[in-house]
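Some notes on the structure that comes next.
Lettering of chains follows the sequences in order, A, B, ..., and the numbering in each one begins at 1.
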Protein chains: 2
Amino acid sequence: MSEQTVRNMEEFATVSGISRPTLSKYFNDPDSVRPTTRARIEAALEEHDYRPNIYAINQNRRLTKTIGIVVPYLSDPFFAEIARNIENLCIDAGFRPILLSSHGDQGQENDNLDSVRGLKPAGVLLAPLGRGSDRAVIERFCDAVPTVLFDSNIDDVGEAFVGMDNAQAVGSIVQYLCNSGEPPVFFEMRDAPNPNANKRRTAYRATMERLGLEPQVISVDGDGWDFEEIGCRQGKRVIARREMRTNTVLCSNDRLAIGFLAAAYQSGLRVGRGDSFALRVAGLDDHPFSRFTCPTLTTVSQDYAAIAERSVQELMSLIESPDARDARHTTLFDGKLILRDSA
Amino acid sequence: MSEQTVRNMEEFATVSGISRPTLSKYFNDPDSVRPTTRARIEAALEEHDYRPNIYAINQNRRLTKTIGIVVPYLSDPFFAEIARNIENLCIDAGFRPILLSSHGDQGQENDNLDSVRGLKPAGVLLAPLGRGSDRAVIERFCDAVPTVLFDSNIDDVGEAFVGMDNAQAVGSIVQYLCNSGEPPVFFEMRDAPNPNANKRRTAYRATMERLGLEPQVISVDGDGWDFEEIGCRQGKRVIARREMRTNTVLCSNDRLAIGFLAAAYQSGLRVGRGDSFALRVAGLDDHPFSRFTCPTLTTVSQDYAAIAERSVQELMSLIESPDARDARHTTLFDGKLILRDSA
DNA sequence: CAAGAACTTTTACGCGCGTAAAATTTCAAA
DNA sequence: TTTGAAATTTTACGCGCGTAAAAGTTCTTG
């Protein structure tokens, strides 16, 4: 490699013997040039390992090949996993994903959207904070940028939403719990940040009533995204005060359930199904760690891969034909009951 | 706001009555203009919410205000947490952090470094894959970009390394375990991706020998970054075959330990300290989930905040005076013994 | 082999901003 | 008020690439 000489496309044109406009075409789409030309370019590329300046490229594009991915809380492996899936799909589609986490904070979410807008992205995949989001800010953002919401819905905002069918998921696990033992109590945070929580509580109530059973919702205090901590601390309180009318608890999500399992353990209650166990605990989401709790957690799985794939598909169709959208698309994937040992 | 008119700095100069070069100065450092001027600019900014085009800015800077953060595996909450800390510190320092995960894959790590280089970052904070890294690629990268390594060291690569003192950490927990019961067996992956694993094994051996005890290292098969899964599957095997010479096991990291706890639970062994327990399990790292295992996990904490802070400090001093470096800096933070219920 | 299609080259301009130099204005201290 | 330092304005150029238009070349098809 005889390098150190090629500092821009002009120079690369000289050393490769290809004109700059053709090179420009090539870098925007290698298939848009004749195969022989492409081969010559790529041979020269091997020699000089030149790469176009990404800033200069994007300055002259109204829209870039960047895709923003904004998640509410990346330290939650659920979002990390989904982001990983999405990233890979974006790369496969020829885009550059940029991952931003709002760390559970509204100011950060607003900053992230601002910062993403500055990137002039082709599109954005956004899992909003939910209750903690500044709706006006998000609406304005979605008006300016093709945006697909996932995980957490905000009515009428964004061009599409992809998430879980909470009604179906809650329905199926409540039904299972009722069939296999005592009906579940619903354990949740009073002011859950995520709007799924409300849908889940509602679905729980509806399912219980449909089954002719009296629902019991235990809403506990606790702010922020430290769900395990809240589940554990408040779980111990609930257990100590014997607030549950039955021996079965359905937690609003797996992270709360993981905390609740810890609470049960620390309270000396054995969790599992069968006569020798004092408590049954179930969750929702199939969190990556749910396979390794003690006991392993019965839950309803979200299909991470499917959600990621559909979200990206929606965004791609949005990018390809921005005006061809008649109405907002909503996709809800069914959850799958995952029977493990905790319930 | 009378908007829709200001499309570049020129226009903003017109509407604000400030010359473009002064505006340029302001956006590069608001303190570099006279306070009255600054006030006028900021007043105009309220009116027109103009933002400089980031691509045009960076095209003319040899170095940008971007800082790359590359971690090996973001779905591991350990890295997510440390990245969160680092991100915030970078923002406070006036930089734009860009977070990239290699998802445990060498090709992805190489791509990430390539992609970061294209961003012309002021500096990079890199936690390499370790054993899975392509040393030559990383060396070349570090030659071109001011880089601070963290978590996982690669000898003589990068301008600085910030991590945990494995010898101290392992020493302290081995000592504790020996003092409080039977000496620990060391449980690890045979081909751990992270170089800390080797240091930990070595430290374990050294400490045991110093104490006049015979070390026992159990190295299990398992590829990839799915540590809990490996810890659980292989843990069950180890337990079933009674491979451990004592009732105490020190796992090479918390994620393995979390898996091992699951294995013990599923094997019917009660974990904890005291006569009524069959097994003691300890880990290393103080993983975010270690407070919620059953039982809670005794471990040695890494000071996430300190590691993040020092890493960023090192990088900042590197950015400010790139040549003032005589030798590679290495910072090792002591781990703190965290006594919980598992050992 | 001819004709037209498809591609490449040449030429030229523009994007939005950094930045240098010289002229002018503002400010603070004497 | 004067004076010099500091800040601002004016003017002008350059960064690396996208892209348009016209002219030239190569390929395909019959």
Side-chain angles (χ1 to χ4, degrees), chain A residues 3-45 48-66 94 96 117-122, chain B residues 3-45 48-66 94 96 117-122:
Chain A
E3 317 200 11
Q4 228 54 318
T5 160
V6 180
R7 302 212 68 77
N8 56 39
M9 203 181 278
E10 196 72 52
E11 291 184 21
F12 185 64
T14 309
V15 299
S16 65
I18 309 275
S19 73
R20 197 174 66 69
T22 302
L23 288 176
S24 181
K25 272 193 78 180
Y26 166 81
F27 285 114
N28 282 318
D29 177 8
D31 283 325
S32 67
V33 303
R34 202 179 292 154
T36 56
T37 314
R38 175 170 181 174
R40 285 172 60 204
I41 295 175
E42 283 169 357
L45 233 30
H48 304 278
D49 97 329
Y50 157 78
R51 293 182 36 165
N53 180 312
I54 193 172
Y55 297 110
I57 291 174
N58 287 333
Q59 176 173 8
N60 294 320
R61 282 189 176 301
R62 208 168 56 75
L63 252 43
T64 66
K65 278 284 193 179
T66 299
R96 311 178 85 250
R117 183 131 48 141
L119 262 28
K120 302 172 193 275
Chain B
E3 316 197 14
Q4 228 55 318
T5 160
V6 180
R7 302 211 67 77
N8 56 38
M9 204 181 277
E10 196 72 53
E11 291 184 21
F12 186 64
T14 308
V15 300
S16 65
I18 309 275
S19 74
R20 197 174 66 70
T22 301
L23 288 175
S24 181
K25 272 193 78 180
Y26 167 82
F27 284 115
N28 281 318
D29 176 8
D31 283 325
S32 67
V33 303
R34 202 178 294 153
T36 55
T37 316
R38 175 170 179 171
R40 284 172 60 203
I41 295 175
E42 284 170 356
L45 233 31
H48 304 278
D49 96 327
Y50 157 77
R51 291 183 37 165
N53 179 312
I54 193 172
Y55 297 110
I57 290 175
N58 287 331
Q59 176 172 10
N60 295 319
R61 284 190 175 298
R62 208 168 55 77
L63 252 42
T64 66
K65 278 285 193 178
T66 299
R96 311 179 82 252
R117 185 132 46 143
L119 263 28
K120 301 173 194 273

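- Between B/Ser24 and C/dG18 there is a side-chain N or O to OP1 or OP2 distance below 4.0 Å.
- When all heavy atoms of A/Met9 and A/Pro52 are compared, the pair lying nearest together is CE-CB, 4.4 Å.
- Near DNA chain C, meaning a heavy atom under 4.0 Å from it, residues 30-42 of chain B has B/Arg34 in order of number.
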Take B/Ile57 and B/Lys65 through the test side-chain contact (heavy atoms from CB on, under 4.5 Å) and record every step on the way to the result.
CA-CA 10 Å; B/Ile57 290 175; B/Lys65 278 285 193 178; over 6 Å; no

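- Using a 4.0 Å heavy-atom criterion, one finds that B/Tyr50 contacts the sugar-phosphate atoms exclusively.
- Counting to the nearest Å, the P atom of C/dT10 and the CD atom of A/Glu10 are 11 Å from each other.
- Proximity of A/Asn8 to the phosphate of D/dG16: a side-chain N or O atom is located under 4.0 Å from OP1 or OP2.
- The base of D/dG18 sits with one of its N or O atoms less than 3.5 Å from a complementary donor or acceptor on the side chain of A/Arg20.
- Counting all heavy atoms, side chain and backbone alike, B/Tyr50 lies closest to B/Asn8 at CE1-C, 3.6 Å.
- Rounded to whole Å, atom C1' of C/dC15 lies 16 Å from atom CD1 of B/Ile54.
- Per the geometry, CZ belonging to A/Arg7 stands 15 Å off C1' belonging to D/dG14, to the nearest Å.
- Backbone-only engagement by A/Pro52 is indicated by non-hydrogen atom pairs under 4.0 Å involving sugar-phosphate atoms exclusively.
- Atom CE in B/Met9 sits roughly 8 Å away from atom C1' in C/dG16 (whole-Å rounding).
- Using a 4.0 Å heavy-atom cutoff across all strands shown, A/Asn58 reaches no nucleic acid atom at all.
- Residue contacts shown for A/Arg61 are absent, as no nucleic acid heavy atom lies under 4.0 Å away.
- Distance from the side chain of A/Gln59 is smallest to D/dG16 among D/dG16, D/dT9, C/dA12.
- In this structure, the CG atom of B/Asn53 is 9 Å from the C1' atom of C/dC15, given to the nearest Å.
- Both B/Asn60 and A/Lys25 lie close to DNA chain C; mapped to their nearest nucleotides by heavy-atom distance, the more 5′-ward contact belongs to A/Lys25.
- With distances taken from any side-chain atom of B/Ala56 to the nucleotides D/dT9, C/dT10, C/dC17, the minimum falls on C/dC17.
- Formation of a donor-acceptor pair under 3.5 Å by the B/Tyr55 side chain with backbone atoms of A/Gly118 is not found in this model.
- Among D/dT9, C/dT10, D/dC17, the nucleotide with an atom closest to any side-chain atom of B/Ile18 is D/dT9.
- Dashed line: the shortest gap from a side-chain N or O of B/Ser19 to OP1 or OP2 of D/dT8 is not under 4.0 Å.
- Side-chain nitrogen and oxygen atoms of B/Asn28 include at least one within less than 4.0 Å of the OP1 or OP2 phosphate oxygen of C/dG18.
- Side-chain atoms of A/Thr64 come within 3.5 Å of backbone N or O of A/Lys120 as a donor-acceptor pair.
- For the pair A/Ile57 CD1 and C/dC17 C1', the interatomic distance rounds to 18 Å; values are reported in whole Å.
- Rounded to a whole Å, the CG atom of B/Asp29 is 14 Å from the C1' atom of D/dA7.
- A straight line from CG of A/Leu23 to C1' of C/dC7 spans 14 Å, rounded to a whole angstrom.
- There is a side-chain donor-acceptor pair under 3.5 Å between A/Arg61 and A/Asn28.
- Taking every heavy atom of both residues into account, B/Ser16 and B/Ala44 meet most closely at CB-CB, 3.5 Å.
- Using cut-offs of 30° and 60° for the angle between ring planes, the B/Phe12 and B/His48 rings count as perpendicular.
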